[in-house]
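Note: hydrogens, waters and symmetry copies are ignored here, and every other heavy atom, side chains too, is used.
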Amino acid sequence: MLAGFLADQRATLVLRCAGLEGAREGELARRSVEPSTLSLLGLVRHLTDVERRWFRKVLAGQDDAGPLWSSAEDPDGDFDGAAPDAASVAAAWEAWREAVDFAERFAAGAPDLEVSGHDDWRGTVSLRWVLVHMIEEYARHNGHADLLRERIDGTRGI
């Protein structure tokens, strides 16, 4: 059930960005309202880093699976560096798909929801906690994506 709700939230992000391919890819990087750097592309990059952090680094213990776009020196790099060029858009979607694929395989292969890992902020967290947290993370940012998409071309709803 948790994996299903998370899959629905991931699909919502894809739906909010759908139709902005090709000549309209630059719209993915359109900012919300100055001075904010919030954009659909920034959300894809941010959620990629979040997926990698919780599933690869914390639960799977892959210490080399750090963020792709943000860092301690540039914590908002996932948003600030979101450029409206085709290569950046393609790279972001490829990285997101890879992160989601890993997370789905990890969750499906876990013996139970009590599989745990260590997080420097939260201490020991279980797969159950991470799945619930990811549902919340996507739900919050999908609300942002709804508003961004409406600003781009008026698309509303599901």
Side-chain angles (χ1 to χ4, degrees), residues 2-109 117 119 121 130-158:
L2 292 173
F5 275 105
L6 181 52
D8 290 346
Q9 291 297 321
R10 289 171 174 148
T12 298
L13 176 67
V14 172
L15 184 62
R16 289 283 62 63
C17 296
L20 296 177
E21 298 86 14
R24 298 191 66 200
E25 280 180 337
E27 296 290 351
L28 282 169
R30 182 191 272 186
R31 306 295 194 217
S32 58
V33 177
E34 296 298 332
S36 174
T37 59
L38 187 65
S39 68
L40 290 171
L41 181 57
L43 289 173
V44 171
R45 290 162 47 113
H46 172 71
L47 289 164
T48 300
D49 280 353
V50 171
E51 294 267 7
R52 288 173 53 85
R53 179 180 191 287
W54 288 112
F55 289 100
R56 285 189 182 270
K57 187 170 170 108
V58 172
L59 290 175
Q62 296 179 356
D63 290 331
D64 61 339
L68 298 176
W69 292 288
S70 59
S71 65
E73 299 78 33
D74 188 9
D76 291 325
D78 42 3
F79 292 101
D80 296 345
D85 61 88
S88 294
V89 171
W93 280 117
E94 180 179 350
W96 181 81
R97 284 186 206 89
E98 288 174 4
V100 168
D101 182 59
F102 179 90
E104 289 175 341
R105 284 185 287 113
F106 183 90
D119 175 57
W121 294 348
V130 170
L131 289 169
V132 170
H133 175 69
M134 291 301 296
I135 292 167
E136 177 273 330
E137 184 84 10
Y138 271 92
R140 180 167 36 100
H141 290 311
N142 281 337
H144 299 137
D146 286 341
L147 296 171
L148 287 163
R149 183 58 189 260
E150 186 175 359
R151 183 170 187 269
I152 290 169
D153 64 6
T155 298
R156 296 169 58 180
I158 298 176

* Is a side-chain N or O of D85 found less than 3.5 angstrom from the main chain of S88, in a donor-acceptor match? -> yes

So, taking the atom named [atom1] in [X] and the one named [atom2] in [Y], what distance separates them when rounded to the nearest 0.5 Å?
X	Y	atom1	atom2	value
L15	D146	CG	CG	9.0 Å
H144	S36	NE2	OG	9.0 Å
N142	Q9	CG	CD	5.0 Å
I135	D8	CD1	CG	9.0 Å
L38	R151	CG	CZ	10.5 Å

Could you report the tightest heavy-atom contact between [X] and [Y], atom names first, then the distance?
X	Y	value
A95	W69	CB-CH2, 3.6 Å
M134	V50	SD-CG1, 3.5 Å
V44	C17	CG2-SG, 4.2 Å

Test of understanding: with side-chain hydrogen bond (donor to acceptor under 3.5 Å, both in side chains), list the residues that count as partners of [X], not counting sequence neighbours.
X	result
E98	none
D80	T37
D119	R53

* **Close side-chain approach of V132 to F5, heavy-atom, < 4.5 Å** => no

* Close side-chain approach of L68 to W96, heavy-atom, < 4.5 Å ->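 No, every pair of side-chain atoms sits at 4.5 Å or beyond.
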
* Quick one: list whatever passes salt bridge (Lys or Arg N to Asp or Glu O under 4.0 Å) with D153, sequence neighbours left out. =>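 Result, salt bridge (Lys or Arg N to Asp or Glu O under 4.0 Å) vs D153: R24, R149.
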
* Let me see the working for S71 and D74 under side-chain hydrogen bond (donor to acceptor under 3.5 Å, both in side chains), right down to the final yes or no. => CA-CA 5 Å; S71 65; D74 188 9; 5.5 Å; no

* Residue pairs passing the side chain to side chain donor-acceptor pair (under 3.5 Å) test where at least one lies in residues 40-51, sequence neighbours excluded ->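 Passing the test, one end in residues 40-51: R10-E51, H46-D78, H46-E137, H46-H141, D49-S70, E51-Y138.
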
* Structure fact -> side chain to side chain contact (heavy atoms under 4.5 Å, CB included) test vs F106 passes for just one of D101, L59, V130, namely L59

* To do: Check whether more than 12 heavy atoms from other residues, nucleotides or ligands sit under 6.0 Å from atom CZ of F102, and answer yes or no.
  =>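 Yes, because the 6.0 Å sphere around CZ of F102 holds more than 12 heavy atoms from other groups.
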
* Kindly write out the residues that satisfy side chain to side chain contact (heavy atoms under 4.5 Å, CB included) with E136, not counting sequence neighbours, or none if the list is empty. => H133, R140

* To do: For the pair L43 and L148, evaluate side-chain contact (heavy atoms from CB on, under 4.5 Å) and give the outcome as yes or no after the intermediate values.
  => CA-CA 10 Å; L43 289 173; L148 287 163; 3.8 Å; yes

